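Quick caveat: nothing in here was measured; it's all calculated off a predicted structure. A note on names: the letters A, B, ... follow the listed sequences, proteins ahead of strands, and every chain is numbered from 1.
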Amino acid sequence: MHAVILRLNRRNLLAGSAALAAAAALRPLRAVAQESYLSGQTLEFNSGSSEGSPGNQLMQELASAFGRVLPETQVVFRANPGGTSALSAAIVAEADPDGLTIGSIDTDSLLAKAIGSDVYDVSDFALLGALDQESDMLFASTASGITDVGDVIGRDEPAILPVRSVTSGGYFQALLINSLLGTRILPVTGYDSGARHLAFVSGEAQLGFFGLSGAGQVLADGTGRLILKIADLPLSEGPGEAPTLASFDANPEFLWIVDFLRTTGISHIVGAPKSTPPDRLEVLRLAFNAAVADPQFVEEAAKLIVLEPIPGAEIEVALVGILARIESLAESLTRALECGMQIAITGEACAP
Amino acid sequence: MDWLFPAERLFSTPGPSIALMVGVVLGVAFGLLPGINGKKGIILSIPFLAALDPLTAVVYLVAMHAVVHTCGSLPAVLVGVPTSASEAAVVLDGYPLVKQGRAGEAIAATIGASAVGGLIGALALIAFIPIGLLLVPHIGSAEVMALTMLGLLAVSALSGKSLVRGLIVAAFGLLIATVGFDNLTGAQRYTFHQMTLAPGLNIASLLAGLFVIPEMISLGSRPEAERGPIRGMRILDIVKGMAIAIRRFGIVFRASIIGIIVGFIPGIGSSVSVWMAYGHAVQTEPHTPPFGQGNVAGLLAAEAANNSKEGGSFAPTLMFAVPGSSGMAIMMLAFSFIGVDVGPRLVAQDPGFISMVGWVILAANLLAIPACLAFVPTFSFIATLKQRAIMPIALVLSAVAAIVVLPHPASIIQMAVFGLVGVAFKHSGWPRPPLILGFVMGPILESTLSRTMAVYGWEALLRPGVAILLSVGIGIVVWSGFRSRHRRQMPAEASEEITPAPVLAVLVMALFAWAAVTAQDFAAASARMFPVGASILGMACCVIVLIQDGRRFTFADSQWRRFDPGTIVPMLGFFVLAPVTGLPLATLLYVLVSLIWAARVKNWIAVVIAIATAWAAFFLGHDLIGPLRPFDKIWLWLTSFL
């Protein structure tokens with residue numbers, strides 16, 4: 001007879017409490033949804049992640065959970081991976097504010113907008129909630145011979161880091177780390193989730209940013225090792241120990257970056273058009289709360305992220321602070337990015 | 001080696017098994033129905049795919065596509081009228097057998113050879129997986145870029161009779177692939193701030209416009225084939241035919257290997273594999289009776305190669321995301337539509353998916369034998385169906401597919417616009433497959449080109465894989481040049497004849513010029529490079545075509561006056577009505593008028609078919625577009641009583 005050992009860790013606790021919360025959350029939702037505008041309607045759920053990527057998989061699971069908690073509503077999932085997730089954001093932002101179109105929103109666009117890109121950012125949406133607070137981890141490919149961050153400082157050739165686009169979080173993070181630590185990381189665009197992994201496996205790229213799900217894969221196939229954590233976010237089961245950005249003696253001019261990257265880590269946000277009527281937004285938020293507590297979703301999400309749902313109203317409050325910081329830092333941010341690119345290409349440090 | 005037998009994936013739920021059987025039945029039906037084939041079968045299936053889970057949808061698509069050819073040649077064999085170059089090789093010896101009163105033997109031999117060819121092709125795909133696994137760690141951006149260029153060059157050079165026209169069309173495909181948000185910078189390109197263009201062009205509209213509409217118009221301009229009674233279709237004849245296919249396994253096997261090899265190489269296409277296999281049979285098999293007068297070896301070789309090439313052509317599509325033909329490009333798009341990302345990562349992470357495709361092809365071909373045989377009594381009926389009665393229904397279902405992808409009147413408008421492009425290309429002998437390849441591979445080429453230049457620079461050309469692949473591409477282009485010269489002196493058997501079309505070349509060149517100028521307004525500088533590059537390539541090739549065509553063009557070349565008003569007028573009415581009244585009402589009127597006017601179907605049959613098609617359009621695509629939408633309103637009114 002096998003003994004059942006329940007591992008008491010953060011993820012299991014979350015799963016257990018979520019299952020209990022599900023029952024509680026479903027009751028008010030059913031009452032509202034059955035009489036609400038959603039009954040008999042089609043709710044369109046948009047995702048901007050690449051097909052086959054963990055982000056897309058997660059959003060597809062969430063859309064399915066919406067379908068389960070809103071049995072009288074047909075939930076249609078649409079993947080719109082074009083344009084660095086700007087397409088998906090534009091579709092949601094420009095949809096009729098009738099509460100029938102929602103989608104995942106990318107926090108990377110905050111930084112892109114701060115330096116002048118014409119994109120929608122999270123402040124352009126009414127937010128339903130977020131799934132977690134995630135921080136990327138920097139991995140070096142085993143074939144590259146890089147064992148720690150020191151090996152990336154003062155290299156003859158830049159270490160290639162594959163990213164999706166010039167508005168991706170990884171692109172900004174790489175350049176900001178260069179300006180902070182003097183590393184020589186060159187972010188190269190055009191790699192979606194699959195190509196990024198292949199570049200890592202084939203030795204084309206020496207470095208890679210991965211979230212929890214991607215990191216698991218890299219470690220499982222032995223193609224990379226963790227060399228840096230952007231922030232020391234708690235991970236119950238993770239890829240092991242590595243220094244955080246804060247633990248280095250950094251360029252004092254750009255010390256704000258350490259704190260800044262830590263506070264912008266809210267990820268997998270779901271939103272609706274900005275002018276969605278409050279009563280409909282309330283129904284959607286209730287549906288979001290019920291969906292993230294749906295036991296089947298909790299089980300599937302746990303394979304990809306450390307699920308820690310954050311309510312929409314709470315994010316909107318936090319966002320006010322983040323936006324204010326970004327606005328005040330816009331000039332410094334632009335300078336830090338330019339400096340990071342200069343180090344990557346020429347290897348020369350920036351003049352203060 | 002768990003990936004070798006992905007039984008759990010296929011049988012853990014009933015969905016994939018049902019999809020396999022439905023795919024086989026529909027594939028057989030699509031193959032037999034005049035005017036429908038594998039490509040159109042995929043387009044027509046799009047409305048259903050949205051309702052399926054990805055695994056079930058993949059099994060259905062693969063099974064359906066795998067058996068389209070298994071009995072697809074039979075109508076042509078029975079009536080002696082080939083509709084493609086590959087069918088011509090089968091008809092050469094198949095129809096004489098039918099005329100000799102041996103229709104049953106011909107049918108069974110065709111089915112047997114086709115099924116065996118399909119099985120060998122499927123096994124080859126599975127056997128190729130370990131090689132793919134070895135290759136993948138050595139494939140970087142530069143190799144993928146070179147492979148993509150090879151595919152584009154090969155298809156441009158080999159799918160028509162003129163390399164330069166192939167390149168114009170490929171450049172056009174690359175250009176229109178840039179419409180929408182740029183994947184590298186997020187900049188909008190050629191969208192004019194219209195959200196309907198933001199996701200890019202509607203692929204279902206593009207496919208329907210390029211392939212369905214030109215076939216319909218071309219069909220209307222020529223008389224329907226005369227068909228007489230078919231003799232010799234007894235059970236004993238069928239058993240005899242199957243025995244022949246087993247007895248002559250040697251030629252079936254060798255022809256299958258030829259089909260696999262040719263299928264694997266991008267751009268060569270089915271007609272080459274079939275004729276190569278037929279040629280091999282002529283060289284190696286006894287000439288009793290002579291070939292062309294009912295020699296069953298010719299029939300067996302052509303049919304085995306025709307089906308085995310499917311396994312071969314799936315390998316580069318699934319493993320390297322490089323489709324070797326327009327059929328595979330459409331398959332790749334359908335995979336993308338259901339959220340399956342093919343390419344090297346698929347091989348590295350999920351080789352079981354590829355072996356599953358192989359097993360599905362294998363199982364589908366086995367199931368196709370009884371399915372085809374079950375159809376034998378109805379072959380004579382199907383072979384005599386009027387293509388003109390089927391094509392309007394195919395057009396409507398294509399429109400439904402377009403609406404499912406993007407529920408907006410713009411989908412119908414795009415379909416009409418690409419219909420015009422398709423008709424112009426077809427009637428001028430410009431090959432259409434490079435456009436699809438360019439459209440599918442444009443984003444891959446743009447990102448790999450950008451990555452290659454950033455990571456390797458020009459040193460990429462020194463990488464062995466890149467050097468080999470690009471050399472092969474250049475070799476194909478040179479060979480194609482020699483072939484074009486040679487072909488001018490002898491009647492060709494395959495694709496459309498080239499008609500001098502300087503007006504078309506001028507129009508396309510103007511479009512390229514406009515695109516290059518408009519690109520200067522894009523928000524990000526790097527977003528301009530690819531469309532401008534494609535435009536420059538297109539314009540340069542247009543100049544060459546203008547020099548060639550300017551000398552030879554006369555207005556007598558114009559084929560526009562051959563168009564049949566019975567086909568054109570109802571179709572134009574459909575395109576005007578559908579965005580206003582919605583699809584179901586437009587369908588009802590269009591199918592009714594087409595069947596009575598062009599197909600000369602009895603009035604009451606036309607009414608029944610029109611109502612059934614309109615109902616199917618409503619059931620599959622709903623009444624989502626158009627300000628009037630009467631079906632939607634009637635439906636809501638009816639359901640309000642429930």
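Applying the salt bridge (charged side-chain N to carboxylate O under 4.0 Å, His left out) test to B:Arg451 and every residue at least two apart in sequence or in another chain returns nothing. Applying the side chain to side chain donor-acceptor pair (under 3.5 Å) rule to B:Glu143 yields the partners B:Arg463; only residues at least two apart in sequence or on another chain are considered.
Within 6.0 Å of the CE atom in B:Met529, the count of heavy atoms belonging to other residues, nucleotides or ligands does not exceed 12. Counting non-hydrogen atoms of neighbouring residues, nucleotides and ligands closer than 6.0 angstrom, the CD atom of A:Glu157 reaches no more than 12 such neighbours.
Among all heavy-atom pairs drawn from A:Gly190 and B:Ser447, the shortest one is O-CB, 3.6 Å.
From A:Leu87, atom CG reaches atom CE of B:Met195 across 6.0 Å, with rounding to the nearest 0.5 Å. The distance from atom OG1 of A:Thr167 to atom CG of B:Leu184, rounded to the nearest 0.5 Å, is 10.0 Å.
Judged purely by atom type and a 3.5 angstrom limit, A:Glu204 uses its side chain to pair as donor or acceptor with the backbone of B:Ser141.
Both the backbone and the side chain of B:Ala198 come within contact range of chain A, each with at least one heavy atom under 4.5 Å from a heavy atom of that chain.
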